[in-house]
*Asks:* 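I'd like to ask you about the structure that follows.
From a predicted model like this one, the values you see are computed outputs, not experimental measurements. Numbers restart at 1 for each chain; the letters A, B, ... are given by sequence-line order, proteins then strands.
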Amino acid sequence: MAWTQNVLRVNLSQGTCIKEPLNMVWAKQYLGQRGLATKYLSEEIDPKIDALSPENVLIMATGPLTGTMASTGGRYSIITKSPLTGAVACSNSGGFIGAEIKNAGWDMIIFEGRAATPVYLYLENDSAELIPADDLWGRSVWDTDEELHRKYQDPLLRVATIGRAAEQGCLYAGVINDLHRAAGRSGVGTVMASKNLKAVAVRGTKGVGNIKNPIAFMKATVDGKKVLADNAVTGEGLPKYGTQVLMNVVNEVGAMPTRNMQEVHFEGADNISGEAMHEPRASDGKPNLTTNAACFGCTIACGRISTIDQGHYSIQNKPEYWGASGGLEYESAWALGSDCGIDDIDALTYANFLCNEDGMDPISFGSTLAAAMELYEMGMITPEQTGGVELKFGSAEALTKMAELTAKGEGFGKELGLGSKRLCEKYGHPELSMTVKSQEFPAYDPRGIQGMGLAYATSNRGACHLRGYTVSSEVLGIPEKTDPLATDGKPALVMAFQDATAAVDSAGLCVFTTFAWTLEDIAPQIAAACDGEWTAESLVETGERIWNLERKFNMDAGLTGKDDKLPKRLLKDAAKTGPAKGRVNDLAKMLPEYYSLRGWTPDGVPTQETLDRLAI
Amino acid sequence: MLKSLQIEPEKCTGCLQCEMACSYENEGVFNPSKSRIKVFTFHDEGRFSPYTCTQCTEAWCLHACPVEAIVYNAETGSKDIVDDVCVGCKVCTIACPFGTVNYNHDSGKVIKCDLCGGNPACASACPTDAITYVDSEHTGLDRMRLHAEQNLPQ
């Protein structure tokens with residue numbers, strides 16, 4: 001079993017919280033979390049609606065393995081229609097609240113409608129209550145978390161909340177749980193704000209039982225943990241350096257997008273890398289990294305807990321930032337760092353703190369700022385618009401100032417909150433926006449890693465590294481090495497990664513396990529916990545079903561195959577240095593084959609035959 | 001050989017595998033809120049620390065119990081709750097200076113670490129060896145070895 005089989009339906013317009021049974025027919029088709037919630041979303045809303053209207057629904061969903069002893073089994077996702085992309089949004093987060101929702105006895109919470117005035121949901125096992133949040137509106141994530149803990153005098157309360165960025169309409173605002181874990185991408189926080197829903201506070205004491213075959217489950221999870229511990233990436237690299245283990249690796253491959261993706265190598269990467277986070281600083285002899293930290297149930301523990309140098313200009317007069325908090329991950333270090341040409345690790349850490357404190361996606365924020373810097377250097381944006389701030393590549397002061405403004409929706413930060421696509425259109429240079437389906441790129445240049453170009457172009461939530469992480473194969477050689485500069489075989493590789501990832505997400509597990517685990521390691525854990533026959537093959541089919549359902553949602557929302565594209569810069573301007581020198585991304589060579597493998601028309605539309613085969 | 005749980009907080013990542021293992025062993029569900037071992041997070045310091053019963057020799061809880069529901073287990077050295085005898089008066093939860101005996105609302109009894117009868121599930125589940133089960137008379141052995149190593153003749 002493993003599912004609690006309970007769904008909490010919260011109608012914010014009517015102020016009601018109603019318990020309903022989980023649709024088990026769908027659960028066996030879509031597993032849980034990402035897949036199952038996308039099914040609910042597809043059935044409950046017209047994909048064409050305005051994402052910020054009360055007609056949108058927002059689903060917080062756990063997977064069947066969330067809250068169990070399966071390593072990394074603590075994850076939840078927020079699924080809704082995105083205001084940034086107009087496509088399906090699915091933002092995954094670790095921390096502890098996913099397991100807490102499950103411990104309280106719920107597989108998912110569906111929020112519909114819009115509250116007349118701000119509210120938060122207080123959930124304690126079976127008891128769910130909407131409570132006025134007028135006093136919390138306008139306050140940061142950290143402040144809100146502290147206030148709710150103070151109010152309930154309960155240190156074990158878990159809180160997911162939006163910050164001021166979402167309230168101010170930043171289109172890439174996320175939902176932060178446990179102070180610094182983020183359902184970060186695609187503006188899921190912006191949707192939450194549009195519903196006048198400030199926070200969800202959960203306390204669950206029921207536990208997760210209902211495991212189909214407990215003895216087999218304990219054996220499968222112990223076996224799985226051993227595989228993670230024995231693997232060089234999950235057992236050594238990630239605990240020691242976090243995802244930042246990639247900074248120097250990707251830079252060497254010549255796939256480090258730099259200065260709004262004008263270049264593919266960052267000369268300052270050494271200064272902001274995972275290794276740099278371990279270096280004692282001159283002022284107090286302490287390193288940036290205080291400790292690594294795990295999310296619920298995770299035996300990898302890649303999380304970074306950092307402090308900023310107390311003498312750094314950004315915080316020297318702000319003791320509230322002197323404590324340890326969520327540190328730089330590779331994506332945030334890249335977006336705030338190399339994409340803006342900045343190698344001041346303390347400035348990056350401070351900007352990252354601000355992203356957590358007020359709930360905004362550091363990838364989209366950093367990429368949007370990078371585009372603004374290019375526009376500024378071209379003279380399209382002037383000091384008049386920025387409030388006198390020199391938005392030049394390499395300026396740490398510009399980064400920290402703009403992070404402060406965007407987090408609160410003030411000054412030029414309001415414009416940065418629009419995202420790169422809308423900003424570049426406003427200033428007359430849409431071609432400078434490094435986005436797919438209006439969502440900003442993550443940290444792998446597809447000129448140097450060809451498969452990632454196809455993965456970005458076809459990602460169902462816009463540019464994203466977590467839908468099909470072919471970097472694993474093309475750079476790290478997992479499960480087998482492919483040539484990052486070749487296009488042959490990449491369509492099949494991208495498709496395999498996309499389908500497998502959809503299944504892993506939907507189980508409630510972390511995708512980082514797949515550096516070590518294949519579906520052969522994951523299937524026995526799901527099969528021992530859940531009703532139904534779960535094998536590596538059935539998980540691939542489940543993943544393919546989820547992928548096609550997301551695609552269908554997007555098609556129904558009005559997107560087409562024409563949206564499976566990359567910015568011209570990546571297709572026309574060759575990489576200037578490194579192993580990929582002279583290369584562009586050869587998307588056109590890969591896309592038709594990908595459509596064909598997917599069973600889609602040459603225009604990228606899933607055929608009826610494909611939908612029927614997958615029982616969609 | 002009598003063994004003890006040894007906790008080294010500097011190795012803890014805060015993953016709660018120990019809490020799940022404990023609750024599963026004792027309650028049959030993965031439920032941190034019913035765990036006899038607790039991991040505490042000190043957020044601003046960036047530190048984690050597991051804590052549980054140290055199995056005092058002169059156990060306050062055992063002496064305080066008015067119905068003799070807490071008994072000495074000679075095999076493991078643990079002080080165990082006899083559920084059938086416990087009346088849920090909670091005096092032991094007050095007597096324990098460390099707070100490691102706690103009331104379980106669902107059963108109406110108290111719960112505390114009993115070393116799982118000599119095979120503590122928390123230690124088996126800990127991925128970083130922050131919790132180990134070692135010779136009671138040599139819990140300092142690893143630290144002694146560390147210092148001995150530092151004093152090796154050059």
Side-chain angles (χ1 to χ4, degrees), chain A residues 2 66-74 96 99-100 102-104 125 142 145 155-156 178-180 203-211 214 217-218 221-222 225-226 228-229 235 239 289-307 320 322-327, chain B residues 7-51 99 102-109 111 116 119-132:
Chain A
T66 306
T68 72
M69 272 187 88
S71 185
T72 78
F96 296 83
E100 201 70 24
K102 196 77 177 284
N103 270 294
N125 295 334
W142 293 357
D145 186 285
L156 296 176
D178 303 291
L179 295 172
H180 48 73
R203 184 71 198 283
T205 62
K206 291 183 167 188
V208 178
N210 213 10
I211 300 294
F217 183 71
M218 293 304 271
T221 54
V222 167
K225 283 175 231 177
K226 183 162 187 334
L228 294 177
L289 183 73
T290 306
T291 185
N292 66 323
C295 295
F296 183 93
C298 175
T299 58
I300 302 172
C302 73
R304 304 290 91 182
I305 303 293
S306 287
T307 57
E320 64 270 32
W322 291 359
S325 194
Chain B
I7 292 173
E8 297 168 84
E10 66 278 10
K11 293 182 181 172
C12 178
T13 63
C15 74
L16 308 191
Q17 282 278 340
C18 57
E19 295 193 7
M20 278 189 283
C22 177
S23 58
Y24 183 75
E25 178 73 23
N26 292 290
E27 309 284 335
V29 289
F30 304 115
N31 189 354
S33 72
K34 296 286 187 285
S35 173
R36 285 121 173 95
I37 186 166
K38 299 299 293 177
V39 177
F40 294 90
T41 299
F42 299 89
H43 181 266
D44 289 0
E45 293 77 24
R47 292 286 177 254
F48 307 98
S49 187
Y51 202 80
N102 285 285
Y103 181 65
N104 181 352
H105 178 76
D106 297 342
S107 64
K109 315 279 182 185
I111 54 176
C116 297
N119 184 19
C122 56
S124 309
C126 179
T128 60
D129 289 338
I131 307 165
T132 48

*Asks:* At a 4.5 Å cut-off on heavy atoms, which part of B:F48 comes close to chain A: side chain, backbone, both, or neither?
*Replies:* side chain
*Asks:* Between A:F296 and B:P32, is there a side-chain heavy-atom distance shorter than 4.5 Å?
*Replies:* yes
*Asks:* Checking A:L179 against chain B: side chain, backbone, both or neither under 4.5 Å from a heavy atom?
*Replies:* side chain
*Asks:* Can you tell which part of A:P155 gets under 4.5 Å to a heavy atom of chain B, answering side chain, backbone, both or neither?
*Replies:* neither
*Asks:* Picking from A:A301, A:G297, A:A293, A:C298, which has the most non-hydrogen pairs under 4.5 angstrom with chain B?
*Replies:* A:G297
*Asks:* When heavy-atom pairs shorter than 4.5 Å are enumerated against chain B, which of A:V208, A:T72, A:L156 gives the highest number?
*Replies:* A:V208
*Asks:* Tell me, out of A:E100, A:K102, A:H180, who's got the most heavy-atom pairs with chain B below 4.5 Å.
*Replies:* A:H180
*Asks:* Determine whether A:M218 and B:Y24 make a side-chain contact, defined as any pair of heavy atoms from C-beta on separated by less than 4.5 Å.
*Replies:* yes
*Asks:* Given heavy-atom pairs under 4.5 angstrom as the criterion, report whether the side chain, backbone, both or neither of B:T13 touches chain A.
*Replies:* both
*Asks:* Looking at B:A21, B:G28, B:C12, which makes the most heavy-atom pairs under 4.5 Å with chain A?
*Replies:* B:A21
*Asks:* What heavy-atom pair brings A:N103 and B:F30 nearest, and what distance separates the two atoms?
*Replies:* OD1-O, 3.4 Å
*Asks:* For A:K206, is it the side chain, the backbone, both or neither that has a heavy atom under 4.5 Å from a heavy atom of chain B?
*Replies:* backbone
*Asks:* Quick one: of B:E45, B:R47, B:E19, who has the most non-hydrogen atom pairs under 4.5 Å with chain A?
*Replies:* B:R47
*Asks:* B:Q17 side chain to A:M69 main-chain N or O, any donor-acceptor pair under 3.5 Å?
*Replies:* yes
*Asks:* Rounded to the nearest 0.5 Å, what separates atom NE2 in B:H43 from atom CD1 in A:I305?
*Replies:* 5.5 Å
*Asks:* Can you confirm whether more than 12 heavy atoms, excluding those of B:K11, are under 6.0 Å from its NZ atom?
*Replies:* yes
*Asks:* Which residues in residues 124-131 of chain B have any heavy atom lying under 4.5 Å from a heavy atom of chain A?
*Replies:* B:A125, B:P127
